[in-house]
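Below: the structure, in structure tokens.
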Amino acid sequence: MKSLTLRASLLSTAILLGLTACDDGDDGATGAQGVQGAAGQNGQDGKDATTSITAKLIARSVLNAESPEGAAEIVQYHNASGMIYAINSSGDEATVELLQLSEASASALTADGEGVVTNTNMPIAMTLSLSDNTPGDANSISISDDLNMLAVAMASDDVDGNGYIAFYDISGAAPAFIKNVEVGVLPDMVTFTPDSTKVIVANEGEPSDDYVTDPEGSISIISVTDGVVADTATTLSFTAFNDQKDALSAQGVMFPNPSGRTIRGQLINTTVAMDLEPEYVTVNHDSTVAYVSLQENNALAIVDLNAMEIVDVKGLGFKDWGMYTLDASDKDSGLNLRSYDNLYGMYQPDTIASFTWKDATFIVTANEGDGREYFFDVADEAECTAAGGMDYDEDDGCLSYTDESRAEDLSLDPTAFAGVNNDDDDLGRLKVSVERGDTDNDGDYDKLFTYGARSFSIWDANGNLVFDSGDEIERITAAIYGEAFNNDEDVNEGDTRSDAKGPEPEALALGQVGDKMLAFVGLERMGGIMVYDITNPFNVSFVDYFNNRGVVEDAEITGDLAPEGMKFIPATDTANAMLVVGNEISGSVSVWEISEN
């Protein structure tokens, strides 16, 4: 091989010298065809290539066109009937709307000049009135296809009243009420276990507006034996963690509350059990362990479903914004992504889901973030002061408690935040927590903690961080929309949410498309949906982004706004996979067909 290379090099040199000496010589005769070389070996098939998908909007329904906000939040799908179930809380009473997906005609959907679909093609087949059988307001629904059963979480009108799970038989032409089962205070999410032998309920237990009454958060478990729902639930309390506040705080668990203050003549003494607020539940594949997000507390509760006990509360820690970029201000005249040392994000997940890889369980979280702010009614500012309120606002009333502040209203340590302008054009506009950050107790903040992580994350079964999407969501939407990024959910004025949780990932669904496990992450403010390949949780990749929302500034806002809940429908032999999305602000249910390219 070396001699062949040498001969080729000498021949090239000789040709070059000849051409240099003879500028205008005639073309020589064409040489004979050379011998064909041996065929090379066939290449190997590509491995671990990113799955490419196409998302096509095929069905849409607006549940209450006159007053759409709240008309479509949580959605489920019943395989046997082909019905989509959607909570409708926009009217005087809570209902569940049943939508016939099979009657939707994709050809009937039309787009406006921006390519945004605004009409509907999916009819409401029937309306289930919940108040006929159960008092209160609906927060969540879940369907067991194995049992042909619907469970509805109904919260009491009383701040400290227990709620109910209302069960319906949905095997017939119309849902038939079975029974109510009493659970804890403010059931905010309900789900059947994968084997349909239990129903798990996250009871949030939020305080009253004046914070004088603060029920304990709890988790209820309802057994289902041979298709028969138990008459009573087992409700698990967090009281065993009341003496572990310091240890939990060291893990990053947040406890924002007005403990130690007197409001309306009552000294507030908030325990750990009162402060923890269960938000969302996911259950592992073999129905033995439930994982419950404690959103405001930046934590995850782990429940042993065999022993019927809460075995652990895991703090999720904090995200270092010195390693990523974000836009911290809605007043800085547009797109301004930058890093900040000593600024941290509280993950504070809303929706969570789980999947398995190598027979191990992994938890996926949409890191929305959430602060606490409570107002109660008083006659005037003087009455607010007398009642022990923090502040008075003519529109909102008397502020009993908030943990939120803009950074510019706090004194920042000059060394920790050197080079930072604590004003509207920089970090000063960002909303942060006042409950943590003065590490040396000298009256100024050495660290700042902001709400949410503007990302989605994957955690192992022990609560250890495996993957975080970093600043990708904000960078991707900024690249697509330019200065229209970080829009709010109900107005087209770009950059309006940069100071408060940015794109705000809230909704989440996992689903198998081909041989890939995909995570669909709904952005509450921008309205779009991010798609990631999480098949291998240690090798995650961005796949796609799609949205049905108009974003032209100062134009009338159109399309699907604020995805609150999502349900993935797996592919069958005759149909592609689908993603059902409940959009809270537009009151619309949208169905996207998900296919491989």
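Only this structure's heavy atoms are used, side chains among them; waters, hydrogens and symmetry mates stay out.
Between the side chains of D327 and N336, no donor N or O sits under 3.5 Å from an acceptor N or O. Looking only at atom types and distance, the side chain of D495 has no donor-acceptor partner in the side chain of N486 under 3.5 Å away. N492 and E553 are not linked by any side-chain donor-acceptor pair at a separation below 3.5 angstrom, with hydrogens and angles left out of the test. Side-chain atoms of D468 and S457 form a donor-acceptor pair, as typed in the model, at a separation below 3.5 Å. In summary, the side chains of N367 and Y451 do not present any donor paired with an acceptor at a separation below 3.5 Å, with no hydrogens or angles considered.
By the 30° and 60° cut-offs, the orientation of the rings of W592 relative to F546 is tilted.
Both the sub-6.0 Å distance and the 45° axial angle are not jointly satisfied by K198 relative to the ring of F192.
Contacts of V466 classified as side-chain contact (heavy atoms from CB on, under 4.5 Å), with partners at least two apart in sequence or in another chain: F362, I458, D460, P537, F538. Checked against side-chain contact (heavy atoms from CB on, under 4.5 Å), D370 has the following partners two or more places apart in sequence or in another chain: Q295, E296, K501. For F255, the ring-ring contact (aromatic ring centres under 6.0 Å, His included) test picks out no residue, with sequence neighbours left out. Residues forming a side-chain contact (heavy atoms from CB on, under 4.5 Å) with A108 (at least two apart in sequence, or on another chain): S105, N121. Checked against side-chain contact (heavy atoms from CB on, under 4.5 Å), T574 has the following partners two or more places apart in sequence or in another chain: T572.
With contacts defined as side-chain heavy-atom distances shorter than 4.5 Å, the pair L294/L300 does not qualify. Contact annotation: the side chain of L63 approaches that of L99 to within less than 4.5 Å [non-hydrogen atoms, C-beta and beyond]. V432 has its side chain within reach of L410: a pair of non-hydrogen atoms, C-beta onward, lies under 4.5 Å apart.
With ring centers used as reference points, Y77 lies 6.0 Å or more from Y85. Separation of the F456 and F467 ring centroids falls under the 6.0 Å cut-off.
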Next on the checklist: Is there a salt bridge (Lys or Arg N to Asp or Glu O under 4.0 Å) between R60 and D560? Walk through the geometry before answering.
Outcome noted: CA-CA 9 Å; R60 187 174 186 268; D560 297 319; 2.8 Å; yes
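Tested against W459 for a side chain to side chain donor-acceptor pair (under 3.5 Å), the candidates T365, T361, N464 yield a single pass: T365.
Taking 4.0 Å as the cut-off between side-chain N and carboxylate O, D330 and R429 count as a salt-bridged pair.
Among residues at least two apart or in separate chains, side chain to side chain donor-acceptor pair (under 3.5 Å) pairs with a member in residues 340-355 are T282-S354, Y340-D426.
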